[in-house]
Amino acid sequence: MEDNQSLDPYKQTSLRYQLYREARAMAEYALANGKTVPDKVIRTIDTFTVQSDTSLNDRIHVRADLDIGELLAAHCALARIVEPAKPNTILLLDIEQGVTGFMKFLGPVSLIRQMMIAAIVSLVLFIGLTLTEEVSNDSGNIMLQDGLELLLNLMFYLAAAGLGASFAALYKANTFIANGTFDPTYHASYWIRFFLGLIAGLILAIMVSEDYFSRHLSETPFLEKGIIRPLLAMLGGFSADLTHTVLSRLVETIRSLFTGSPKDQLANKRKAMQVDFAAQQNQQHINMASNLIDLQQVINNGATPEEINQKIDQILKDALPNSDIRLKSSGKQDDDS
């Protein structure tokens with residue numbers, strides 16, 4: 001067993017290898033940006049490095065015979081030095097520096113390059129479809145057009161939504177990369193937002209009335225005629241939450257046609273509660289009158305004081321079930337006796 005272990009003194013472990021790669025990348029990042037790095041941290045990283053022929057194996061080897069606690073301490077120290085940047089972001093940028101290809105100039109990470117391609121495609125479609133005769137300021141109504149003309153207009157709105165969605169994604173991702181806080185685990189969420197933006201922009205462009213905006217902007221016409229629908233498509237692509245808000249408000253409006261507005265519903269509920277309270281008050285008055293009539297009959301029949309007190313106690317108990325008046329009344333009668 002000991003012979004097998006000695007044959008591979010630099011056996012890789014995933015955690016040790018991950019700590020080493022991130023620590024090495026953070027050290028290079030900190031030194032390149034003029035940050036002060038303790039010499040002990042650099043010596044630790046250099047100690048864990050295995051001097052090997054990289055031409056035979058591109059994978060960096062890490063010594064497995066040393067205490068991982070020293071590497072962990074160096075990693076934690078470097079993480080504090082490079083804040084607010086994250087270790088995995090710095091490692092990603094370090095790995096991406098070794099990527100070669102024609103598309104490398106589009107961005108430092110693969111997500112940025114992919115989004116740039118989507119933005120370029122949207123821009124080319126937007127400009128190209130604008131040059132066609134089918135796309136004009138009075139076209140794009142899905143209920144009045146059909147065929148190729150409608151298809152080209154819908155593609156034009158999708159291109160506009162794609163511009164807005166790619167702009168929002170690129171702006172957000174670029175902010176995180178500049179701060180060193182970009183998290184590659186959220187790679188898919190950017191594409192989800194992009195396609196949500198396409199759907200949202202198309203919905204706004206084909207469903208919202210352009211005449212409504214034209215009437216409200218007639219006093220201050222700062223938008224060119226026919227630009228409302230493409231603008232709505234871009235806004236929907238830039239913020240899918242805008243379309244969600246519009247659709248939610250539309251659902252509330254339609255619901256109010258059948259159930260009334262929330263204000264009317266609250267007024268009806270308050271009125272129903274008042275009616276129930278009045279009915280309870282009337283029932284209590286009837287019960288009180290009935291009990292008083294019974295007490296009068298008891299007195300007229302020549303009842304003893306004890307029987308009269310018992311009847312009074314019963315009336316108080318029915319009228320005030322949560323009160324201790326009955327007990328006080330009984331106690332006073334006991335003192336008189």
Side-chain angles (χ1 to χ4, degrees), residues 14-15 17-19 21-23 25-26 29 33 75 78-80 82-126 154-208 229-252:
S14 59
L15 180 58
Y17 184 64
Q18 181 69 17
L19 286 174
R21 293 181 69 192
E22 291 182 353
M26 286 189 292
Y29 174 86
N33 286 273
H75 185 281
L78 287 168
R80 290 191 294 268
V82 301
E83 286 181 346
K86 295 182 179 180
N88 61 343
T89 305
I90 296 176
L91 178 60
L92 175 63
L93 295 175
D94 183 66
I95 294 174
E96 289 287 348
Q97 287 181 357
V99 176
T100 58
F102 174 73
M103 308 304 295
K104 180 65 187 303
F105 76 97
L106 292 178
V109 297
S110 59
L111 174 66
I112 297 295
R113 294 192 289 270
Q114 295 167 5
M115 282 293 174
M116 285 291 291
I117 294 174
I120 293 173
V121 172
S122 299
L123 181 60
V124 170
L125 288 175
F126 183 82
L154 294 180
M155 291 181 62
F156 174 70
Y157 296 146
L158 281 175
L163 285 177
S166 58
F167 179 86
L170 286 171
Y171 184 84
K172 187 173 184 179
N174 182 66
T175 302
F176 289 140
I177 290 175
N179 295 331
T181 56
F182 177 79
D183 193 343
T185 58
Y186 292 100
H187 187 105
S189 67
Y190 286 91
W191 284 109
I192 293 174
R193 288 178 176 270
F194 178 81
F195 286 106
L196 283 176
L198 292 181
I199 298 172
L202 183 61
I203 290 175
L204 283 183
I206 65 177
M207 294 188 63
V208 177
R229 290 185 184 274
L231 177 62
L232 290 175
M234 288 185 183
L235 292 178
F238 183 82
S239 176
D241 295 336
L242 173 63
T243 306
H244 182 270
T245 302
V246 173
L247 294 178
S248 299
R249 187 65 57 84
L250 182 61
V251 169
E252 293 177 359

Hey, mind stepping through L196 and I192 against side chain to side chain contact (heavy atoms under 4.5 Å, CB included) and telling me if it holds?
CA-CA 6 Å; L196 283 176; I192 293 174; 4.0 Å; yes
Given L91 and Q18, is the side chain to side chain contact (heavy atoms under 4.5 Å, CB included) satisfied, shown in steps?
CA-CA 10 Å; L91 178 60; Q18 181 69 17; 3.8 Å; yes
Could you walk me through whether E22 and L78 pass the side chain to side chain contact (heavy atoms under 4.5 Å, CB included) test, one step at a time?
CA-CA 9 Å; E22 291 182 353; L78 287 168; over 6 Å; no
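Residues Y190 and M115 approach most closely at O-CE, 3.5 Å, considering heavy atoms. Looking at every heavy atom in both residues, A159 comes nearest to L125 through CB-CB, 3.8 Å. In terms of heavy-atom proximity, I177 sits nearest to F182 at CG1-CB, 3.8 Å. In terms of heavy atoms, S166 sits closest to A119 at OG-CB, 3.5 Å. Heavy-atom minimum distance, A200 versus G236: CB-O, 3.5 Å. N88 and P184 get closest at one heavy-atom pair: ND2-CD, 3.9 Å.
Side-chain atoms of L93 and V109, non-hydrogen and from C-beta on, do get closer than 4.5 Å to each other. The side-chain heavy atoms of F126 and M234, taken from C-beta on, include a pair separated by under 4.5 Å. Here the side chains of W191 and L111 are in contact, with some heavy-atom distance below 4.5 Å. Proximity of L106 to I112: side-chain heavy atoms (C-beta onward) are nowhere separated by under 4.5 Å.
Distance check, rounded to the nearest 0.5 Å: CZ of R193 to OH of Y186 gives 11.0 Å. I203 CD1 to L198 CG: the interatomic distance, rounded to the nearest 0.5 Å, is 11.0 Å. Taking CG of L163 as the reference point, atom CG of L158 lies at 11.0 Å (rounded to 0.5 Å). The structure places OG1 of T89 at 12.5 Å from CG of D94, a figure rounded to the nearest 0.5 Å. Atom-to-atom distance recorded for L232:CG and L202:CG is 12.0 Å, nearest 0.5 angstrom. The distance from atom NZ of K86 to atom CG of N179, rounded to the nearest 0.5 Å, is 11.0 Å.
For the salt bridge (Lys or Arg N to Asp or Glu O under 4.0 Å) condition, the pairs that include at least one residue of residues 105-120, sequence neighbours left out, are E96-R113.
If you check the side chains of D241 and S239, you find no donor sitting under 3.5 Å from an acceptor.
Between the side chain of N33 and the backbone N or O of Y29 there is at least one donor-acceptor pair closer than 3.5 Å.
When the shell of 6.0 Å around OH of Y171 is examined, it contains 12 or fewer heavy atoms from other residues, nucleotides or ligands. Under a cut-off of 6.0 angstrom, the local environment of NE2 in H187 is crowded, with over 12 non-hydrogen atoms contributed by other residues, nucleotides or ligands.
Note: F167 and F238 have tilted aromatic rings, judged against thresholds of 30 and 60 degrees for the angle between ring planes.
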